[in-house]
Amino acid sequence: AGVYSSSSATPVEDGSTLPESYSLLQNYPNPFNPSTTIEFTLPAEGNVKLVLFDAVGKEVDVIAANDFSAGNHSINYNASNLPSGVYFYRIESGSFIQSKKMILMK
């Protein structure tokens with residue numbers, strides 16, 4: 001007699017699992033040799049360009065340049081062909097641009 005049921009109950013799926021904003025996380029491990037993981041989040045599907053620069057701002061590699069779905073993404077980057085040093089990685093997606101520093105120690 002104390003049981004209540006309703007056929008109109010719906011699971012809570014309000015999209016809160018999707019990120020609400022763009023973000024570029026710090027790579028890990030850092031310092032690294034020779035590979036590292038770069039994570040970023042997208043609140044909406046879009047084109048992402050992830051570029052690696054050396055300490056003087058010269059582009060040394062394009063890590064990713066393609067469409068990604070909304071959500072959390074992880075890219076494993078292998079820098080075995082690069083010399084030790086300080087590098088910067090930059091993400092561009094829509095109007096969002098952010099850079100972070102990484103250190104390669106061989």
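Every value quoted in this text rests on a predicted model; they were computed, and no experiment measured them.
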Discussion item. side-chain contact (heavy atoms from CB on, under 4.5 Å) for Ile63 and Ile38? Distances and angles first, verdict last.
Written reply: CA-CA 10 Å; Ile63 300 168; Ile38 299 169; 3.8 Å; yes

Practice prompt. Given side-chain contact (heavy atoms from CB on, under 4.5 Å), test Leu82 with Leu52 step by step and report yes or no.
Written response: CA-CA 11 Å; Leu82 298 173; Leu52 187 68; 3.5 Å; yes

Item to complete: Walk me through it: do Ile91 and Val48 pass the test side-chain contact (heavy atoms from CB on, under 4.5 Å)?
Response: CA-CA 7 Å; Ile91 189 170; Val48 170; 3.8 Å; yes

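Side-chain contact between Asn72 and Glu39 is absent, with no heavy atoms from C-beta onward closer than 4.5 Å. Leu18 has its side chain out of reach of Leu42: every pair of non-hydrogen atoms, C-beta onward, lies at least 4.5 Å apart. Residues Thr37 and Asn27 are not in side-chain contact: their nearest non-hydrogen atoms beyond the backbone lie 4.5 Å or more apart.
Judged purely by distance below 3.5 Å, without hydrogens or angles, the side chains of Thr41 and Ser23 pair a donor atom with an acceptor atom.
Judged as a ring pair (Phe, Tyr, Trp, His ring centres under 6.0 Å), the pairs with a partner in residues 59-81 (not counting sequence neighbours) are, in order, Phe40-Phe68, Phe40-His73, Phe68-His73. Residue pairs meeting the ring pair (Phe, Tyr, Trp, His ring centres under 6.0 Å) criterion with at least one partner in residues 86-106, sequence neighbours excluded, are Tyr22-Phe96. Every pair passing salt bridge (charged side-chain N to carboxylate O under 4.0 Å, His left out) that includes a residue from residues 81-106 is listed here, sequence neighbours excluded: Arg90-Glu92.
Separating the CG atom in Asp54 from the CG atom in Leu104 is a distance of 12.0 Å, to the nearest 0.5 Å.
Here the closest non-hydrogen pair linking Pro29 and Ser35 is CD-O, 4.3 Å. Heavy-atom minimum distance, Leu50 versus Leu24: CD1-CD1, 4.3 Å. Across all non-hydrogen atoms, the minimal contact from Asn33 to Met105 is CB-O, 2.9 Å. Among all heavy-atom pairs drawn from Gly71 and Pro19, the shortest one is CA-CD, 3.6 Å.
Phe53 and Met102 sit in two unconnected hydrophobic clusters of ILVMFWY residues. Membership requires side-chain heavy atoms under 4.5 Å apart, directly or through other members. Ile75 and Ile103 are not part of a single hydrophobic cluster, where members link through side-chain heavy atoms under 4.5 Å apart.
Grouped by direct or indirect side-chain proximity (heavy atoms under 4.5 Å, Ile/Leu/Val/Met/Phe/Trp/Tyr only), Tyr28 sits alone.
Taking Ser93 as the reference, nothing meets the side-chain hydrogen bond (donor to acceptor under 3.5 Å, both in side chains) condition, with sequence neighbours excluded. In this structure Asn30 satisfies the side-chain hydrogen bond (donor to acceptor under 3.5 Å, both in side chains) test with no other residue, sequence neighbours excluded.
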